[in-house]
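Note that the structure is predicted; figures quoted are calculated from it, not measured.
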Amino acid sequence: MTTTRRSFLHGMGGLGAAAAGFGTAGAALAAPARRKAVAPSDRIRVGAIGVRGMGSSNMGSMLDIDGVECAALCDVDRNVLDRAVEGFTELTDSKPDAYTDYRKLLEDDELDAVIIATPDHWHCKIMVDACEAGKDVYVEKPMANSIEEVRIMQQAARAYGRVVQVGQWQRSGKHWQDAMEYLWSGELGQVRTAKAWAYMGWDAPVHVPDSKPPKGVDYDMWLGPAPKRPFNENRFHWNFRWYWDYAGGLMTDWGVHLIDMVLMGMKATAPKSVMSLGGPFGYPDAPIETPDTQQAVYEFDDFTMIWEHALGIALGPHQRGHGVSFVGNKGTLVIDRSGWEVLPEVGRENGRRFYKTPAIPDRTASRSQRGLAQHTEDFIECMKTREQPRCNADVGALVAVNAHLGNIAFRTGRRVYWDQEAGRFKGDDEANAMLLAEYHNGWQVPRVTGAEASAG
């Protein structure tokens with residue numbers, strides 16, 4: 001039976017689709033497109049590090065671009081790696097090189113770029129090593145697992161002159177761009193509040209005992225700089241995102257996608273203060289550390305942003321499982337990955353009700369224009385032109401910092417006050433300690449040297 005991208009990625013656990021947030025992962029799941037012949041000198045050889053979910057989706061999307069080759073794959077789980085090699089070999093009629101140690105992959109001088117789709121705690125180290133090795137980088141969101149690592153990654157992109165695209169692909173989606181243009185037109189009047197949310201119908205994991213790692217898994221390499229712990233399947237593969245050692249829960253998993261759109265829409269940078277509440281309210285007995293229910297309120301100069309998420313609930317505000325809304329004096333703009341609409345504000349004059357702005361029909365997004373395909377195209381094009389992509393390291397850093405600020409406010413249990421210029425909290429030693437990365441097992445926090453290393 002012929003392998004298609006759809007059958008292949010579903011065979012990889014369907015995580016490309018799940019992470020993409022809808023039934024298919026856009027162009028990455030489409031049937032292979034007819035490709036133009038490209039001279040060997042114009043080919044772009046790409047490797048993927050971490051191929052169980054979005055690593056394969058991103059690679060599949062790039063393969064729709066003429067001249068891109070799947071040259072190498074890397075994963076610490078040999079079972080996942082073998083399936084990916086087999087699938088991409090059948091899709092492309094060319095067998096990629098296979099590695100279980102990313103450092104060996106980076107030794108390939110003919111490799112032009114790498115996709116980094118590992119758990120979050122590995123993003124910084126691999127990205128810095130890739131930049132130092134002369135590779136351009138497409139790194140999954142969130143950019144890193146700490147604010148210190150985010151700053152280091154900014155420094156690396158600048159110091160080594162690499163093209164870096166962070167996988168916050170709403171920025172490339174046409175209907176997101178159209179909605180931003182409408183927002184900037186001023187039709188909503190003064191926007192006082194922006195909301196972003198992710199209500200995911202996923203169940204929390206249940207308790208299972210510690211065990212030996214599955215055969216074929218290099219668990220020590222999977223842990224890398226994270227603290228040494230016994231293997232437990234609840235902390236592995238998909239569920240890593242619920243543990244502070246490796247990630248930041250839904251706040252950094254989905255929050256960076258949607259908070260990014262708030263920051264873009266409001267042309268904002270960093271808040272003045274943040275406070276956050278939540279806890280294990282939906283699954284009080286689940287063996288996870290990050291909150292299954294959380295709200296965070298961000299104070300900016302002239303508006304507030306509210307983030308909220310919930311596990312096990314599929315519908316949030318405006319009957320949408322995820323989304324962003326901009327609340328203006330004349331109406332509210334609501335947008336998610338399926339489209340956007342404007343809800344007019346109702347006013348009164350001489351005892352009569354009227355709409356302050358006309359209702360705008362729902363703008364449904366074409367599946368092919370939702371962003372992933374356009375985001376990978378932007379990355380490849382910028383590799384050729386050496387211009388900055390839409391979500392470069394500085395853009396990715398901005399939203400990652402905002403998401404981490406929300407989690408730090410939650411973990412301290414109080415309102416925290418942020419000094420953007422200093423890159424620190426005001427008068428809060430406990431919160432400032434949470435900005436830092438802690439590496440273990442002989443791994444060292446990467447350092448970038450050179451005149452151009454400053455993150456600005």
Main-chain N/O of [Y] paired to [X] side chain as donor or acceptor, under 3.5 Å:
| X | Y | result |
| --- | --- | --- |
| S61 | S57 | no |
| Y298 | N402 | yes |
| K272 | W418 | no |
| E69 | R45 | no |
| Q177 | R171 | yes |
| H175 | I335 | no |
| N441 | G224 | yes |

Hey, do the aromatic rings of W254 and H309 have their centres closer than 6.0 Å?
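Aromatic pair excluded; centres sit 6.0 Å or further apart.
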Could you walk me through whether N79 and D77 pass the side chain to side chain donor-acceptor pair (under 3.5 Å) test, one step at a time?
CA-CA 5 Å; N79 308 293; D77 187 336; 2.8 Å; yes
Where does the angle between the aromatic ring planes of W242 and W238 fall among parallel (under 30°), tilted (30 to 60°) and perpendicular (over 60°)?
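Geometry flag for W238 against W242: perpendicular rings.
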Quick one: sort the Y246 and H121 rings into parallel, tilted or perpendicular, breaks at 30° and 60°.
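Correct class here is tilted.
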Quick one: do [X] and [Y] make a salt bridge, cutoff under 4.0 Å?
| X | Y | result |
| --- | --- | --- |
| R158 | D394 | yes |
| E148 | R424 | no |
| R162 | D136 | yes |

Return the set of residues passing ring-ring contact (aromatic ring centres under 6.0 Å, His included) with W443 (not counting sequence neighbours), or none when no residue passes.
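W443 satisfies ring-ring contact (aromatic ring centres under 6.0 Å, His included) with W122 once adjacent residues are dropped.
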Residues which pass ring-ring contact (aromatic ring centres under 6.0 Å, His included) with W340, listed by chain and number, not counting sequence neighbours
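Only Y182 meet the ring-ring contact (aromatic ring centres under 6.0 Å, His included) criterion with W340.
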Going by atom types alone, do Q170 and D260 pair a side-chain donor with an acceptor below 3.5 Å?
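Not at all, the side chains of Q170 and D260 share no donor-acceptor pair under 3.5 Å.
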Side chains of S276 and Q294: any donor to acceptor distance under 3.5 Å?
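Checked: Q294/S276 side chains pair up, N/O donor to acceptor below 3.5 Å.
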Can you give me the closest heavy-atom contact between [X] and [Y], atom names plus distance?
| X | Y | result |
| --- | --- | --- |
| G255 | W307 | CA-CH2, 3.5 Å |
| M180 | G265 | SD-CA, 3.5 Å |
| L263 | V399 | CD1-CA, 3.9 Å |
| G50 | D75 | CA-OD2, 3.6 Å |
| A159 | V448 | CB-CG1, 3.5 Å |
| V51 | L81 | CG2-CA, 4.4 Å |

Tell me, yes or no, whether the heavy-atom count around E289 atom CD, taken from other residues, nucleotides or ligands under 6.0 Å, exceeds 12.
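Atom CD in E289 is packed in, count exceeds 12.
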With sequence neighbours excluded, what pairs up with P317 under the side-chain contact (heavy atoms from CB on, under 4.5 Å) test?
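In terms of side-chain contact (heavy atoms from CB on, under 4.5 Å), with neighbours along the sequence ignored, P317 is linked to W197, Y199, E308.
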Only one of D419, T412, I408 clears side chain to side chain contact (heavy atoms under 4.5 Å, CB included) with F425; which?
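That would be I408; it is the only one of D419, T412, I408 passing the side chain to side chain contact (heavy atoms under 4.5 Å, CB included) with F425.
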Step by step, work out the side chain to side chain contact (heavy atoms under 4.5 Å, CB included) result for L106 and K135.
CA-CA 8 Å; L106 293 181; K135 319 300 184 191; 4.1 Å; yes
